[in-house]
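Data first, discussion second: the structure below is written as structure tokens.
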Protein chains: 2
Amino acid sequence: MQADLVIRALGALAQEHRLAAFRLLVQAGAAGIPAGALAERIGVPPSSMSFHLAQLANAGLVTQRRESRSIIYAADYAAMNGLMAYLTENCCGGLPCEDAAACAPAKPEETVL
Amino acid sequence: MQADLVIRALGALAQEHRLAAFRLLVQAGAAGIPAGALAERIGVPPSSMSFHLAQLANAGLVTQRRESRSIIYAADYAAMNGLMAYLTENCCGGLPCEDAAACAPAKPEETVL
DNA sequence: CCAATGATTCGATAAATGTTGAAATATAGA
DNA sequence: TCTATATTTCAACATTTATCGAATCATTGG
């Protein structure tokens, strides 16, 4: 993943409604969620939702597939993981990071919600 | 970590110069880097760098400490990990995610740079 | 105290982003 | 084909964000 795409991905997630949509999609898994359902659950008009979903798709964070009249969105886990790898790349300047407590992922209890 | 802070963190990272600064800090570790050095390495005027560092600090992604005339910035690894935990929270809707290939972090070779 | 150094704040301006109704596009069923 | 449903595109407008020189603040050494 390269810098430009990473910036687009971060920018896509840095917005209340898009972050909410992405998290719903992350939790929904491969099944995905139709655009309309996302708009309703998040509480924005369809045109706004469409705008936001386009940004997520442009950043490569979600995929879309048509299913009858609906367009189903789903999170792209590889993109999400690539994004996180980019942020932690070369963490702490090299090897010592691997086992350093300061650099290890925090425990779920400390970070959830 | 709560939604508002997460959005600020993502927004802070979603900018060319700030992303560059944060990555330098991630690699620098606890030693950190003075504001002026960051400005020089990234190629922006001191006032611009200061503006960007303030955003990173406001999002909790970096810490700052004065050392003589310099102000040293350092990455806050806990905040970074909290951010990533928030994004992957409840991934794939529950337990099956733990060992599902689609949800596992990608291999370094595929994501580096 | 004064001059030099490192950094931030302020203010004006430019550029990008978010919002949403109305119109357009695509699909399904009678 | 006509109508209803699902979604996107367009356009206008409001809001937020980025840039950077000049002025200001903080620290150090002479």
Side-chain angles (χ1 to χ4, degrees), chain A residues 3-25 28 31-76, chain B residues 3-25 28 31-76:
Chain A
D4 173 66
L5 187 57
V6 168
I7 289 172
R8 264 187 290 157
L10 290 166
L13 294 173
Q15 206 278 339
E16 183 187 354
H17 302 321
R18 287 195 297 265
L19 181 59
F22 183 72
R23 272 164 52 90
L24 285 174
L25 293 175
I33 305 176
L38 282 172
E40 201 170 346
R41 290 180 63 172
I42 291 175
V44 297
S47 62
S48 296
M49 192 75 258
S50 192
F51 168 79
H52 291 308
L53 288 171
Q55 303 237 66
L56 288 170
N58 176 257
L61 288 167
V62 302
T63 60
Q64 52 191 133
R65 66 178 194 273
R66 178 176 281 279
E67 206 159 283
S68 180
R69 269 171 291 197
S70 296
I71 293 184
I72 315 284
Y73 285 84
D76 185 322
Chain B
D4 174 66
L5 187 57
V6 169
I7 288 172
R8 263 187 289 158
L10 290 166
L13 293 172
Q15 207 278 341
E16 183 187 355
H17 302 320
R18 287 196 295 266
L19 181 59
F22 182 73
R23 273 164 51 89
L24 286 174
L25 293 175
I33 305 176
L38 282 171
E40 202 171 345
R41 290 180 64 172
I42 291 175
V44 296
S47 63
S48 297
M49 190 76 257
S50 193
F51 168 79
H52 291 308
L53 288 172
Q55 303 237 61
L56 288 170
N58 175 257
L61 289 167
V62 302
T63 60
Q64 49 190 65
R65 68 178 192 273
R66 178 175 282 279
E67 206 157 284
S68 180
R69 269 171 293 199
S70 296
I71 292 185
I72 315 282
Y73 285 85
D76 184 323

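Every chain is numbered from 1, with letters handed out A, B, ... down the list of sequences. Values below: all heavy atoms of this structure, side chains included; hydrogens, waters and symmetry mates excluded.
- Side-chain contact between A:F22 and A:R18 is absent, with no heavy-atom pair separated by less than 4.5 Å.
- Take A:A59 and apply the side chain to side chain contact (heavy atoms under 4.5 Å, CB included) test, not counting sequence neighbours, and it matches A:R8, A:A9, A:A12, A:L61.
- Rounded to an integer number of Å, the gap from CG of B:L38 to P of C:dA7 is 9 Å.
- As a whole-Å value, the separation of B:N58 CG from C:dT9 C1' is 15 Å.
- Sorted by residue number, the members of residues 41-54 of chain B with any non-hydrogen atom under 4.0 Å from DNA chain D read B:P45, B:S47, B:S48, B:F51, B:H52.
- Side-chain contact check for A:L13 versus B:V6: every heavy-atom pair is 4.5 Å or farther apart.
- Distance B:E40 CD to C:dA7 C1': 14 Å, rounded to the nearest Å.
- For B:A54, there are no side chain to side chain contact (heavy atoms under 4.5 Å, CB included) partners, not counting sequence neighbours.
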With side-chain contact (heavy atoms from CB on, under 4.5 Å) as the test, would you mind laying out the steps for A:E16 and B:I7 before giving the verdict?
CA-CA 7 Å; A:E16 183 187 354; B:I7 288 172; 3.9 Å; yes
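- Looking at residues two or more places apart in sequence or on another chain, you find a side chain to side chain contact (heavy atoms under 4.5 Å, CB included) between B:I33 and B:L24, B:L25, B:A28, B:A37, B:L38, B:R41.
- The outermost nucleotides of DNA chain D lying under 4.0 Å from heavy atoms of chain B, listed 5' to 3', are D:dA18 to D:dT28.
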Contact list (N/O, under 3.5 angstrom) for nucleotides 25-30 of chain C vs protein:
none

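- In this structure, A:A39 and A:P46 approach most closely via the heavy-atom pair CB-CA, 4.3 Å.
- For the segment residues 13-22 of chain B, the set of residues with a heavy atom within less than 4.0 Å of an atom of DNA chain C is empty.
- Residues passing the side chain to side chain contact (heavy atoms under 4.5 Å, CB included) test with B:S50: none are found, sequence neighbours excluded.
- With values rounded to the nearest 0.5 angstrom, A:D4 atom CG is found 11.0 Å from B:L19 atom CG.
- The phosphate of C:dT8 has OP1 or OP2 within less than 4.0 Å of a side-chain N or O from B:Y73.
- The salt bridge (charged side-chain N to carboxylate O under 4.0 Å, His left out) analysis of residues 46-69 of chain A, with sequence neighbours excluded, yields the pairs A:R65-A:E67.
- Qualifying side-chain hydrogen bond (donor to acceptor under 3.5 Å, both in side chains) partners for B:Q64, counting only residues two or more places apart in sequence or in other chains: B:Y73.
- Listed here is the closest heavy atom pair of B:A35 and B:L53: CB-CD1, 3.9 Å.
- Between B:Q64 and C:dA7 there is no side-chain polar atom (N or O) within less than 4.0 angstrom of OP1 or OP2.
- Inter-residue side-chain proximity for A:H52 and A:L56 is flagged as unmet; no heavy-atom pair is nearer than 4.5 Å.
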